[in-house]
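One structure below.
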Amino acid sequence: MADPSSELLAWFDRTGRDLPWRGTRDPYAIWVSEIMLQQTRVETVRPYYRRFLERFPTPEALAKAPIDEVLALWSGLGYYRRARLLHRAAGEVVAKGRFPTTAAELEELPGIGPYTAAAVASIAFDEAVAVLDGNVERVISRWIAFAEPPRAAAAKLRLREVAASLLDPERPGDSNQALMELGALVCRPRSPSCDACPLVASCAAYREGDPEAYPLPVEKRATERRRHLAVLVERKDEILLFRRSDDEDLLAGIWEIPWVRLRDDGATAELHLGTRYGGSWSLGETLRLVRHGITYRDIEVELRRGELSEAGELAEGAEAGWFRRDEIESLPTSSLLEKLLR
DNA sequence: AAACCGTGGGC
DNA sequence: TGCCCAAGGTT
């Protein structure tokens, strides 16, 4: 009874959180939760998950919805490509006529990689396949004092092997979730609570005395900062928005207020949103400039005083329109717009 | 393989 | 403030 696998599962049974996507065996619901949870915290996902499943309770409901409605429910969650791929994959499931039941089959769907395939297969279908997410990487790296950064494919393979050795074949879904839960609550990136850890007795990093030393750091690229200017343009009770082209890499198909890149000296240097704009808007409408800051990974958007002077036109694939605030809720938007209207 | 995609919380 | 980094996948 003192083997690590049993200790881990017993700990999970005792202290595991009661999350909305636990307590269901519906593979579709579990799938949706796993997509939303990609690189996204549990507390952020909660409200989105509830609304999304309420509106799209089945793959059929999701598949037949227009993509803009899917994106509207995803608005503010980030990584919008996830929503597009989920929508596309739902169409494939419906076309196929049945839900994929193995990790190998699941991984063929767009947006489902090794992690998500293993998570859905183990949780919904009891397939004894180990997940390797950021939590498991950290837990296992510490448990075996893994001496290389979890970057190369070979390193990940090794970590997954060890994770698999901790799997209870009778309860693979709970075993996987236990490892992730442990990483999220106890074996945290900083200040792990080794006192509360069910694996402490066999943890190599703990024995060495400095569990935080693992996993070994992955080299990170330098980030470039760019400054932008964003402007809220209003006329009466309407706001001017632009819909970014579906071909954009960043925020494809998302409605936003106009923002432009600034040169280092603060002058407008480059037009964003795939748009050109300027005098053509200023047809007597009120230009209201708002102060606000928002940061994408390496892009700072700053709302501040500015002059719009260049004449312009809409770029290929982009679209412009005036909307009342109550209409904007049903549009695909980003957090920039959501914060602005808050 | 490395770079890219959004956002928010924690320190 | 600035930086880390989160239930990753795609290219």
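Values reported hereafter were calculated over all heavy atoms of this structure, with side chains retained and with hydrogens, waters and symmetry mates removed. Throughout, a chain's letter reflects where its sequence line sits, starting with A, and its residues are numbered from 1.
Between A/R190 and A/T333, the residue anchored closer to the 5' end of DNA chain B is A/T333, taking for each the nucleotide with the nearest heavy atom. Residue whose closest nucleotide on DNA chain C sits further toward the 5' end, between A/R17 and A/L85: A/R17.
The cationic group of A/R51 does not satisfy the cation-pi geometry with A/Y49, failing either the under 6.0 Å distance to the six-membered ring centre or the 45° limit from the ring axis.
For B/dT7, one of the phosphate oxygens OP1 or OP2 lies less than 4.0 angstrom from a side-chain nitrogen or oxygen of A/Y80. Dashed line: the shortest gap from a side-chain N or O of A/R151 to OP1 or OP2 of B/dA2 is under 4.0 Å. Between C/dA6 and A/R138, a contact under 4.0 Å exists linking OP1 or OP2 to a side-chain N or O.
Using a distance-only test at 3.5 Å, with no hydrogens or angles considered, no donor-acceptor pair links the side chain of A/D126 to the main chain of A/A121.
At a threshold of 4.0 angstrom between heavy atoms, the contacts of A/R22 include nucleobase atoms, whether or not backbone atoms are also involved. Residue contacts shown for A/W74 are absent, as no nucleic acid heavy atom lies under 4.0 Å away. Note on A/T116: only backbone sugar-phosphate atoms sit closer than 4.0 angstrom, heavy atoms only; bases stay farther off. Counting non-hydrogen atoms under 4.0 angstrom, A/G76 reaches the backbone sugars and phosphates but no base.
Here the P atom of nucleotide B/dC5 and the CG atom of A/D246 are 17 Å apart, to the nearest Å.
Applying the side-chain contact (heavy atoms from CB on, under 4.5 Å) rule to A/S175 yields the partners A/L9, A/L167, A/D168; only residues at least two apart in sequence or on another chain are considered. For A/E212, there are no salt bridge (charged side-chain N to carboxylate O under 4.0 Å, His left out) partners two or more places apart in sequence or in a different chain.
A 4.5 Å side-chain heavy-atom check between A/Y206 and A/W143 finds every atom pair outside the cut-off. Using a 4.5 Å heavy-atom cutoff, the side chains of A/R188 and A/S193 are in contact. Looking at heavy atoms from C-beta onward, A/F12 lies out of side-chain contact with A/L8 at the 4.5 angstrom threshold.
The listed nucleotides are B/dT7, C/dA7, C/dG9; the one nearest the side chain of A/R81 is C/dG9. The side chain of A/S334 approaches B/dT7 more closely than any other nucleotide in the set C/dA7, C/dC5, B/dT7.
Contacts of residues 100-115 of chain A with DNA chain C (heavy atom under 4.0 Å): A/P110, A/G111, A/I112, A/G113, A/P114, A/Y115. Within residues 128-136 of chain A, the residues that have a heavy atom under 4.0 Å from DNA chain C are, in order of number, A/D133, A/G134, A/N135. DNA chain C lies under 4.0 Å from at least one heavy atom of each of the following residues of residues 38-50 of chain A: A/Q38, A/Q39, A/R41. Of the residues in residues 153-168 of chain A, not one comes within less than 4.0 Å of DNA chain C through any heavy atom.
Comparing the P positions of B/dG8 and C/dG9 gives an interatomic distance of 22 Å, to the nearest angstrom. Annotation: B/dA3 and C/dC4 have their P atoms spaced 15 Å apart (nearest Å). For C/dA7 and B/dA2, the P atoms lie 24 Å apart once the distance is rounded to whole Å.
Hydrophobic clustering keeps A/W21 apart from A/L185 (ILVMFWY residues linked when any side-chain heavy atoms are closer than 4.5 Å, directly or through intermediates).
Ionic pairing of A/R244 and A/E256 is not present here: no N-O contact between side-chain nitrogen and carboxylate oxygen is shorter than 4.0 angstrom.
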